[in-house]
Structures are given as C-alpha cells and as structure tokens.
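Here is the structure we will look at, set down as structure tokens.
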Amino acid sequence: MNARELLFLGIALSITGASAQEGKQNPGSLWSNKAPDRYRDSVARKAGDVITILINEVSTSTFSASTQASKSDSTNIAKGLGPLLANLIPQWGIGADSKNSGKGSTNQAGNLSARMSAVVKEVSANGTMTIEGVRSITTNKETQTFTLSGIIRPEDVRSDNTVLSQNLANATIKVEGKGMIADRTRKGILTRILDWLF
C-alpha cells in the first residue's frame with residue numbers, strides 16, 4: 001500500500017469516526033445538540049405547541065319592553081224594549097272596563113381581561129387549530145379557575161405567538177370562583193326555592 005492509499009484510508013477513517021461521535025455527548029465541547037435554535041420562530045403550528053391567548057372581552061346588552069292595553073264595554077238593556085216599557089222599567093245597564101299595562105327593562109355589562117396559555121390539541125386539514133387551556137389560581141383559600149377553548153386560524157397568530165380572544169371561533173371562556181367569598185355571595189337554599197316558586 002503506497003502513501004497515497006494510506007492517506008485516503010486515514011481520511012476515510014477520520015470521517016467515519018466523526019460520524020460515529022456525532023450522536024455521543026462530548027464533555028469537552030461547548031456545543032450541544034440539544035441547544036435551541038435561535039433562528040427558528042416559536043409560533044404554534046402543530047399539536048402539542050403552546051400558544052398565548054390575550055383575553056379582552058367587553059359585553060354590554062340592553063333590552064326594554066312596554067305593553068299597554070285597554071278595553072271598555074257598556075250595554076243599556078232598556079233601550080231595546082220600546083218607549084212604553086222603557087218608561088216602566090228602570091234603566092238597566094251592564095258595563096265593564098279592562099286595562100292592562102306593563103314595563104320591563106334589563107341592563108347587563110361585563111368586562112374580562114386576562115392573559116393565559118393554551119395547548120394546540122388538533123390541527124385540521126386547512127390549518128386551523130383547536131386549542132384548550134385551563135388556569136387555576138389559589139390565593140388565601142380562594143380559587144379562581146379560567147377555562148378556555150376555541151378554534152384559531154394560523155394567520156391570526158402574531159409573531160410573538162399570541163392571539164386576541166376576539167379571533168377565537170366557537171370560543172368558550174369561563175371564570176369560576178370557589179371559596180368563602182363565592183359561598184357568601186351565593187343565594188341560600190330557601191331563597192332559591194322561593195325564587196323558583198314565585
């Protein structure tokens with residue numbers, strides 16, 4: 001084997017050894033194969049990705065109704081009996097009045113602002129993503145639970161991986177409280193029974 005063949009053999013062995021060491025951890029190297037890619041964007045695109053929802057919901061509704069009805073009836077029996085009988089029989093009459101009126105109005109306003117993360121559960125064929133998220137916060141034995149679900153389009157995801165809650169389709173946003181404050185603000189059993197009856 002001449003020098004040229006030995007040179008090619010040495011190069012081939014070095015390449016093979018380098019390929020074998022790629023998957024192994026090198027304690028003396030500053031580079032890690034598990035290091036995150038700083039040039040890859042962090043926008044959610046597949047199932048399992050995490051996305052942040054900016055909740056800012058303001059709702060106002062007003063409804064009012066008014067009804068009014070009246071009816072009046074009167075009948076004089078003596079007028080139909082002729083002049084002679086009308087003088088002998090006292091004036092008989094029947095009358096009735098009926099009136100009905102009613103008014104009602106309702107006003108409701110709500111404001112909810114929060115920031116929470118959700119997980120992409122499913123990606124459909126056209127790219128829309130189904131997301132779900134739950135966030136529970138407990139402070140001094142008072143628990144607030146935020147539940148969110150909906151469908152988002154990939155074009156509504158901003159560059160910082162956030163989506164406005166107004167862009168959620170089939171959105172369900174719930175905030176439930178549990179604790180002493182929630183118990184004290186809830187109606188009692190007797191009050192609820194009376195409200196149901198009356």
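One is the number of the first residue; the rest follow in order along the sequence. On a predicted model such as this, the values are computed, not experimentally measured, just so you know.
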Electrostatic pair Glu155:Arg153 at N-O distance under 4.0 angstrom: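 Looking at Glu155 and Arg153, the cut-off is met.
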CD1-CE distance between Ile131 and Met129, expressed to the nearest 0.5 angstrom: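 The CE atom of Met129 is 8.0 Å from CD1 of Ile131, to the nearest 0.5 Å.
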Rounded distance [0.5 Å steps], OG1 in Thr172 versus CG in Leu148: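 Output value for this atom pair is 8.0 Å.
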Could you give the side-chain donor-acceptor pairs of residues 56-68 under 3.5 Å, partners two or more places apart or in another chain?
unit_1 : atom_1 : unit_2 : atom_2 : d
Asn56  : OD1    : Ser113 : OG     : 3.3
Glu57  : OE2    : Ser165 : OG     : 2.7
Thr62  : OG1    : Asn107 : OD1    : 3.3

same_hphob_cluster(Ile51, Ile151) at 4.5 Å side-chain heavy-atom cutoff: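 Shared cluster, no.
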Test item: Ser124 side-chain N/O and Thr128 main-chain N/O as donor-acceptor pair under 3.5 Å: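 Side chain of Ser124 to backbone of Thr128: a pair is present.
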Flag, side chain of Asp156 to backbone of Ile152, donor-acceptor distance under 3.5 Å: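 No, the answer is negative, given that no donor and acceptor are paired below the 3.5 Å cut-off.
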Non-neighbouring partners of Lys103 that pass salt bridge (Lys or Arg N to Asp or Glu O under 4.0 Å), sequence neighbours left out: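 In terms of salt bridge (Lys or Arg N to Asp or Glu O under 4.0 Å), with neighbours along the sequence ignored, Lys103 is linked to no residue.
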Taking every non-hydrogen atom, the tightest pair across Ser149 and Glu132: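 Looks like CB-CG, 4.1 Å.
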Any donor-acceptor N or O pair under 3.5 Å, side chains Thr52, Thr162: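 Not at all, the side chains of Thr52 and Thr162 share no donor-acceptor pair under 3.5 Å.
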Arg115, CZ: over 12 other non-hydrogen atoms inside 6.0 angstrom: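 It does not: Arg115 CZ has 12 such atoms or fewer within range.
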Over 12 foreign heavy atoms within 6.0 Å of CG, Asn111: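 Yes.
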Audit row: Thr145, Thr143, side-chain contact (heavy atoms from CB on, under 4.5 Å) steps and yes/no: CA-CA 6 Å; Thr145 303; Thr143 302; 3.9 Å; yes
